[in-house]
Amino acid sequence: MGLLGATRPGYRSAVTVGKSNREFPFAVVFVTVTAAVFMSNLDLWVANVALDSIGEDFAGSSLSGLSWILNAYAIVLAALLVVAGRTGDRHGHRPVFLAGVALFTLGSALCAAAPNLPVLIAARALQAAGAAAQLPASLALLLTAAPAHRRTEAARNWSAVGGLAAAMGPVLGGLLVQVDWRWVFLINIPLGIVTLVVGARVLPRPAAVPTERRPDLIGAALLTVSIAALTGSLVQAPQWGWANPRTLGLLILAVAAAAVFVRRCATHPAPLLELPLLRIRRFAVANVATFVFSISFSIMLVSNALWCQNVWHFSALQTGLAMTPGPALVPLVTIGSARAVRRFGGGPVAAVGALLFMTAMLWRVAFAEPEPDYVRDLLPSMVLSGIGVGLALSTLIGAGATALPAHRVATGSAVVNAGRQVAANLGVAALVTLLGTSADPAVLRESFIRAWWAGAALALVAAALSLTLPRANDARGTEMDRAPRPVAGAEVRHAPAEQGSPGRPAATR
């Protein structure tokens with residue numbers, strides 16, 4: 001079944017769309033919403049390939065400094081995802097989504113025009129704020145428009161769009177960097193404008209919940225401080241030293257801010273992280289497994305790009321082409337594994353994926369050499385990692401996003417994606433720490449091997465966690481699939497669900 005497989009011929013969304021009360025096919029809503037998802041995911045991949053070229057343009061930049069191009073994006077995105085999700089619950093997902101697309105497009109323009117590294121990092125933070133607004137709202141809008149019995153599949157397809165962006169990102173980034181790295185960000189502008197124009201016309205208007213409490217901005221600030229301090233300590237430790245007062249000070253600040261954040265989540269009337277959600281075992285296990293797997297994934301992604309450019313001395317385009325086979329497989333495996341998930345459950349499928357990903361990391365440990373041997377070394381590893389990501393990550397994200405009732409799907413997806421961004425940030429920071437500052441080829445190779453061992457160990461932990469993932473209550477859907485969903489201007493009555501099948505609307509007025 002294709003990416004638009006959730007649409008039946010002749011099916012039209014039952015949601016009211018636009019001021020004219022016109023209805024649009026689910027496929028139109030899907031393409032519009034996922035265009036923004038594609039854009040934000042694409043930017044992550046092309047930025048990775050562009051790091052080396054950016055460093056050449058901004059003289060004197062170190063790996064630790066350049067890593068903040070990725071870290072600033074991940075930190076701000078992680079801190080604001082839940083805030084944006086709650087804002088969408090309170091004020092409506094449609095306006096929050098459109099505002100996020102506009103902000104991301106503006107941030108992209110500022111990235112392209114950045115005169116130096118600090119300005120580029122600040123513009124990346126603005127991009128991340130826009131991505132934080134659009135990502136949870138995009139899934140909420142998609143699930144509002146989807147037929148009730150296909151929402152789990154819609155969530156998996158939403159995740160697969162990220163894999164499609166990953167497949168295109170390395171090659172597209174390499175091509176654009178051949179002209180100028182600034183084109184990596186310029187390409188977002190036309191896509192963002194089209195998404196805004198079309199989205200204003202076709203997106204559904206799910207009911208806002210004005211009684212929803214305002215999000216905890218202080219909690220968001222505490223989370224930002226904690227992640228940034230931890231990242232800074234890991235990134236700077238190779239230069240400062242682990243016993244340096246500045247390194248220790250950042251570590252203490254990270255722990256203290258995290259402790260206050262958790263305390264605030266336990267006592268605030270509208271916490272950034274609703275701790276009771278973690279008592280939903282399926283949601284909690286999916287989030288923890290996704291977090292651990294995403295650290296490993298981040299180590300793999302950035303280390304392979306750095307290895308190709310700094311050890312094998314590939315160009316940006318060669319690097320992009322070399323990395324393409326893995327991400328190209330992700331959407332295909334994601335879609336193709338849907339039947340296996342329904343038959344065996346998400347846990348075993350995700351565990352197999354994590355073990356394949358572990359094998360991909362160990363393959364690099366066994367075969368990586370300073371002299372390029374792409375067919376023997378990197379190609380098999382990328383193929384294994386692509387299959388592993390397609391089986392593990394999309395399954396875990398789908399399980400986490402659909403474990404909650406419909407009125408909490410935006411917040412739930414925000415928590416899932418916030419965890420992924422924190423993990424990605426920690427993965428980059430850990431890699432910078434493991435690689436150190438030595439330029440000696442022999443030392444550098446051993447540093448990469450340590451990083452790949454760490455990634456393999458994390459993938460093994462993710463596999464073990466996946467095996468504890470509970471199955472959905474019903475083979476054809478989750479609790480979320482059976483829950484009524486509010487629709488603006490419409491009252492939906494649900495007939496009692498038949499045993500073994502999700503409830504469907506009995507009448508709509």
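None of these values were measured; they are calculated from a predicted model. If you read the sequence from its start, that first residue is 1, and numbering goes on from there.
For the residue pair V184 and I187, the shortest heavy atom distance occurs at O-CG1, 3.3 Å. In this structure, P348 and L467 approach most closely via the heavy-atom pair CA-CD2, 4.3 Å. The minimum heavy-atom distance linking L141 with P204 is given by the pair CD2-O, 3.6 Å. Shown here for R282 and P470, the closest heavy-atom pair between the two residues is NH1-O, 2.6 Å. Taking both residues in full, the closest heavy atoms of L103 and A129 are given as CD2-CB, 3.8 Å, listed atom of the first, atom of the second, then distance. Nearest approach of V383 to P325, heavy atoms of both residues: CG2-CB, 4.5 Å.
When atom types are taken as modelled, the side chain of T105 and the backbone of I189 share no donor-acceptor pair closer than 3.5 angstrom. Under a 3.5 Å cut-off, the side chain of S337 and the backbone N or O of A340 do not form any donor-acceptor pair. At distances below 3.5 Å, not a single donor-acceptor pair connects side-chain atoms of Y73 with backbone N or O atoms of Q127. The main-chain N or O of V292 is never found under 3.5 Å from a side-chain atom of S296 such that the two would form a donor-acceptor pair. For R124 (side chain) and A72 (main-chain N/O), no donor-acceptor pair under 3.5 Å exists by modelled atom type.
Two residues are said to be in side-chain contact when any heavy atoms from C-beta on lie closer than 4.5 Å; M382 and N304 meet this criterion. For the pair M361 and L458, the minimum side-chain heavy-atom distance is 4.5 Å or more. Side chains of M323 and L301 form a contact here, defined as non-hydrogen atoms less than 4.5 Å apart. Side-chain contact check for I75 versus T224: some heavy-atom pair is nearer than 4.5 Å. Contact check for L117 versus W68: no side-chain heavy atoms found under the 4.5 Å cut-off. Inter-residue side-chain proximity for L393 and T334 is flagged as unmet; no heavy-atom pair is nearer than 4.5 Å. Side-chain contact between L203 and L98 is present, with heavy atoms from C-beta onward closer than 4.5 Å. In this structure the side chain of L51 never reaches within 4.5 angstrom of the side chain of Q309, judged on heavy atoms.
Distance check: F293 CZ to L465 CG gives 12.5 Å after rounding to the nearest 0.5 Å. To the nearest 0.5 Å, atoms CZ (F97) and CG (L135) are separated by 9.0 Å. W183 contributes atom CH2, which lies 12.0 Å from atom CG of N188 (distance to the nearest 0.5 angstrom). Within the model, atoms CD1 of I387 and CG of L391 stand 7.5 Å from one another, a figure rounded to the nearest 0.5 Å. To the nearest 0.5 Å, atoms OG1 (T290) and CD1 (I397) are separated by 6.0 Å. Atom CG of L70 is separated from atom CD1 of I121 by 10.0 Å, given to the nearest 0.5 angstrom.
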L431/S298 under side chain to side chain contact (heavy atoms under 4.5 Å, CB included): CA gap, chis, key distance, verdict:
CA-CA 9 Å; L431 178 65; S298 181; over 6 Å; no
S315/Q178 under side chain to side chain contact (heavy atoms under 4.5 Å, CB included): CA gap, chis, key distance, verdict
CA-CA 9 Å; S315 67; Q178 296 295 109; 4.3 Å; yes
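The aromatic rings of W181 and F185 stand perpendicular to each other, their planes meeting at an angle above 60°, with 30° marking the opposite boundary.
Contacts of D180 classified as salt bridge (Lys or Arg N to Asp or Glu O under 4.0 Å), with partners at least two apart in sequence or in another chain: none.
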